[in-house]
Amino acid sequence: MNWTRCSSELLAKLISQLCTEDLLHPVDGVLELGAATYTFSSTRGAFGSWRVDPALVRRTAAGILGNDESEVATDPVQFLVDAAGVLGLSGQTVAGYVAELSSTLAADVRMAGAALPNAELVKRA
C-alpha cells in the first residue's frame, strides 16, 4: 500500500515539476508523449507552478491488440521512459534519472512505513 501511494505521489511531483519548469506542455490536462498519453487533474499555483493530483493521473497507450488501454498511472519510472523523447534525454541520462527516482521512492516508502498516524502525534503533544 505504501509503495503504490508513494509511487503515485512521486509521479505527480515529477509531472508537476517538469510542467512548472516549462519542459512539458500539457493542454487541458493532457500530455502527449508519443507512444503514451497522460491525463491528469491539476491546479496552478504561484509563479506558474503546477500541482498534479496523484489520484487522477492516467496513462493511455496502444495495447497488444492495437486498441488503446487506459489505466491509473502510478509509475514515475514508466513516465520518465515515456517522456524521454519529448524531453530529449539520452539513454544514459534516463538511466541516471531512473536510479535517482528509485532511490527517492525507496526512501519515501521507508519514511511512510515509519510515520506515526496523526492521532498518535496529537497524543504525544
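In this text the structure is predicted, and so the values were computed from the model without any measurement.
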Item to complete: Would you please name every residue forming a side-chain contact (heavy atoms from CB on, under 4.5 Å) with Ala12, sequence neighbours left out?
Response: Val52, Pro54
Discussion item. Return the CG to OG distance between Asn2 and Ser7, rounded to the nearest 0.5 Å.
Written reply: 12.0 Å
Worksheet item: Under a single-linkage definition using a 4.5 Å side-chain heavy-atom cutoff for Ile, Leu, Val, Met, Phe, Trp and Tyr, are Val81 and Val72 assigned to the same hydrophobic cluster?
Response: no
Practice prompt. State yes or no: do Val30 and Leu11 share one hydrophobic cluster built from I, L, V, M, F, W and Y residues joined by side-chain heavy-atom distances below 4.5 Å, directly or via other members?
Written response: no
Discussion item. Which residues pass the side-chain contact (heavy atoms from CB on, under 4.5 Å) test with Leu23, not counting sequence neighbours?
Written reply: Leu18, Glu21, Leu87
Discussion item. According to a hydrophobic-cluster definition based on side-chain heavy atoms being under 4.5 Å apart (Ile, Leu, Val, Met, Phe, Trp, Tyr only), do Phe40 and Leu56 belong together?
Written reply: no
Worksheet item: Rounded to the nearest 0.5 Å, what separation is found between the NZ atom of Lys13 and the OG atom of Ser8?
Response: 11.5 Å
Item to complete: State which residues pass side chain to side chain donor-acceptor pair (under 3.5 Å) with Thr43; sequence neighbours excluded, sorted by chain then number.
Response: none
Item to complete: Mind checking the OG1-CG spacing from Thr4 to Asp75? Nearest 0.5 Å is all I need.
Response: 10.0 Å
Discussion item. How close do Ala112 and Arg5 get, counting heavy atoms only, and between which atoms?
Written reply: CB-NH2, 3.2 Å
Item to complete: Could I get the full list of side-chain contact (heavy atoms from CB on, under 4.5 Å) partners for Thr20, not counting sequence neighbours?
Response: Ser49, Trp50
Worksheet item: Which ring-ring contact (aromatic ring centres under 6.0 Å, His included) pairs, counting each pair once, include a residue from residues 8-37, with sequence neighbours left out?
Response: none
Using distance only, find each side-chain donor-acceptor pair of residues 94-109 under 3.5 Å and give its atom names and separation, not counting sequence neighbours.
unit_1 : atom_1 : unit_2 : atom_2 : d
Ser102 : OG     : Val98  : O      : 2.9
Thr104 : OG1    : Glu100 : O      : 2.9

Worksheet item: With sequence neighbours excluded, what pairs up with Arg58 under the side chain to side chain donor-acceptor pair (under 3.5 Å) test?
Response: Ser70
Fill in: All pairs passing side-chain hydrogen bond (donor to acceptor under 3.5 Å, both in side chains) where residues 27-42 contributes a residue, at least two apart
Glu32-Thr37, Tyr38-Arg59, Tyr38-Asp82
Discussion item. As a quick check of understanding, evaluate side chain to side chain contact (heavy atoms under 4.5 Å, CB included) for Leu14 and Phe79, giving each step before the final call.
Written reply: CA-CA 9 Å; Leu14 180 59; Phe79 175 80; 3.6 Å; yes
